[in-house]
Every structure is written in C-alpha cells, then in structure tokens.
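Inspection log for the structure reproduced underneath, given as structure tokens.
In this text the structure is predicted, and so the values were computed from the model without any measurement. Any value given below was found using the heavy atoms of this structure, including those in side chains, with hydrogens, waters and symmetry copies removed. Throughout, protein chains are lettered first and strands after them, A, B, ... in sequence-line order, and every chain is numbered starting at 1.
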Amino acid sequence: MTFRERVLHVVSQVPRGRVVSYGQVALWAGSPRAARQVGGVLFGLREADGDVPWQRVVNARGGISTFKVGAGELQIALLRSEGVEVGEQGIDLVRWGWAPPVDAWPWAVPPPA
DNA sequence: CGTCTGACGCACC
DNA sequence: GGGTGCGCCAGAC
C-alpha cells in the first residue's frame with residue numbers, strides 16, 4: 001500500500017456534499033505532515049484512477065488551492081453542483097467539513113481503561 | 001544512496 | 001486583515 005493509494009482511498013470516502021482539507025487527508029492516510037504530498041497525488045490524477053472526488057479536497061482554511069488553469073473553476077462548480085456553498089471567502093469547514101467514522105482511525109482506539 | 005521540489009500548514013511579523 | 005518564511009516528506013531524478 002503506497003502513500004498514493006492510501007490518499008486515493010481516503011479521498012474516495014469523502015461523501016458527496018462534504019469537504020476535507022489536505023492536512024486531514026494526510027492525517028488519515030497515515031502521514032500527518034504530508035499535506036503537500038496529498039496535493040501532489042491529486043495533481044497527478046488520471047482517468048485510470050477512477051472516480052476520485054478530488055474536488056472535495058480544499059486547504060485548511062476552506063480555500064481552493066489548485067493552480068491548474070481551469071481546475072479551480074471546475075472544482076468550485078463541481079462542489080456547488082453537489083450542494084456545497086462556496087463563497088468569496090471559500091468554504092465554511094465547520095459547516096461542510098467531514099470527518100471519517102471514529103473506528104476508522106487506527107490511532108483513535110482508546111487505550112484499555 | 002543524495003538533492004530537489006511542492007493542489008500545504010502554521011507560526012510570525 | 002495581509003504577506004513572508006520555513007518545516008514538512010513522498011516521489012522523481
């Protein structure tokens with residue numbers, strides 16, 4: 001299982017109409033400080049990777065971070081089409097942010113009493 | 001192996 | 001509010 005595969009797995013779990021930050025994806029992919037690498041993975045997405053909802057990944061402040069020409073507009077359009085409110089300031093993560101089920105967190109297992 | 005780079009994040013001005 | 005600097009680490013060379 002490569003880092004890239006874990007990232008795509010995590011992103012694929014984000015439900016329609018919700019968003020997560022690069023940092024969170026990195027965290028859940030097992031590399032808490034590898035937020036930049038998450039961006040690198042999404043940057044290199046191909047059709048062969050299937051329907052990965054890359055548009056649901058935004059930066060920690062709810063902003064769009066892609067630099068690919070046109071991708072930013074596309075991302076905003078896709079998010080709005082699934083109900084996410086994208087304002088001038090970006091997205092309200094408190095409202096649209098998503099977190100995976102607690103039992104999906106390997107390190108979230110509470111220590112025995 | 002060593003180096004470089006960057007869809008980030010955060011601490012500081 | 002904004003702008004800058006730097007640590008981060010997986011992957012490409």
Side-chain angles (χ1 to χ4, degrees):
Chain A
M1 199 60 148
T2 66
F3 174 76
R4 185 187 134 82
E5 293 173 315
R6 293 199 298 276
V7 166
L8 296 185
H9 176 71
V10 171
V11 175
S12 296
Q13 289 188 305
V14 182
R16 181 183 170 80
R18 309 297 291 286
V19 299
V20 290
S21 72
Y22 293 94
Q24 289 176 80
V25 174
L27 181 67
W28 298 323
S31 295
R33 314 292 160 72
R36 298 184 73 166
Q37 287 60 242
V38 172
V41 169
L42 297 187
F43 176 78
L45 270 186
R46 310 164 215 178
E47 295 216 12
D49 295 311
D51 296 320
V52 179
W54 61 272
Q55 74 275 19
R56 293 174 196 153
V57 185
V58 297
N59 66 35
R61 292 160 345 217
I64 304 299
S65 283
T66 181
F67 63 76
K68 267 189 177 180
V69 279
E73 279 294 327
L74 173 60
Q75 180 169 16
I76 293 173
L78 288 172
L79 287 175
R80 284 179 173 158
S81 75
E82 51 186 71
V84 177
E85 282 181 20
V86 185
E88 306 253 333
Q89 311 305 318
I91 300 165
D92 180 0
L93 292 184
V94 176
R95 182 172 178 188
W96 304 103
W98 176 81
V102 178
D103 55 12
W105 286 53
W107 54 86
V109 180

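The nearest whole Å value for the distance from the CZ atom in A/R33 to the P atom in C/dC9 is 6 Å. In this structure, the CZ atom of A/F43 is 11 Å from the P atom of B/dC8, given to the nearest Å. Between A/Q24 atom CD and B/dG9 atom P there is a gap of 9 Å when expressed in whole angstrom units. Following rounding to the nearest Å, A/M1 (CE) and C/dG11 (P) show an atom-to-atom distance of 13 Å. Taking atom CG of residue A/L93 and atom P of nucleotide B/dC10, one finds them 11 Å apart after rounding to whole Å. Distance CZ (A/R6) to P (C/dA10): 8 Å, rounded to an integer number of Å. In this entry the distance linking CZ of A/R4 with C1' of C/dA12 reads 14 Å, nearest Å. Spacing between atom CZ of A/R36 and atom P of B/dC8 amounts to 7 Å, rounded to whole angstrom units.
Shown here is A/R80, whose CZ atom has more than 12 heavy atoms of other residues, nucleotides or ligands within 6.0 Å.
At a threshold of 4.5 Å between non-hydrogen side-chain atoms, the residues A/V20 and A/W28 count as touching. At a threshold of 4.5 Å between non-hydrogen side-chain atoms, the residues A/P53 and A/V11 count as touching. For the pair A/V58/A/I64, a side-chain contact is recorded, criterion being any heavy-atom separation below 4.5 Å from C-beta on.
Nucleic acid contact class of A/F3 (heavy atoms, under 4.0 Å, all strands): sugar-phosphate only. No engagement by A/R61 is indicated, since no non-hydrogen atom pair under 4.0 Å with the nucleic acid exists.
Follow the hydrophobic side-chain contacts under 4.5 Å out from A/V14 and you never reach A/V84; the two are in separate clusters.
Residue A/S65 places at least one side-chain N or O closer than 4.0 Å to OP1 or OP2 of B/dC8. For A/T2, no side-chain nitrogen or oxygen approaches OP1 or OP2 of C/dA10 to under 4.0 Å.
Within 3.5 Å, no donor on the side chain of A/Q37 pairs with an acceptor on the base of C/dG11, nor the reverse.
Across all strands shown, B/dC1 forms no Watson-Crick or G-U wobble pair with both key distances under 3.5 Å.
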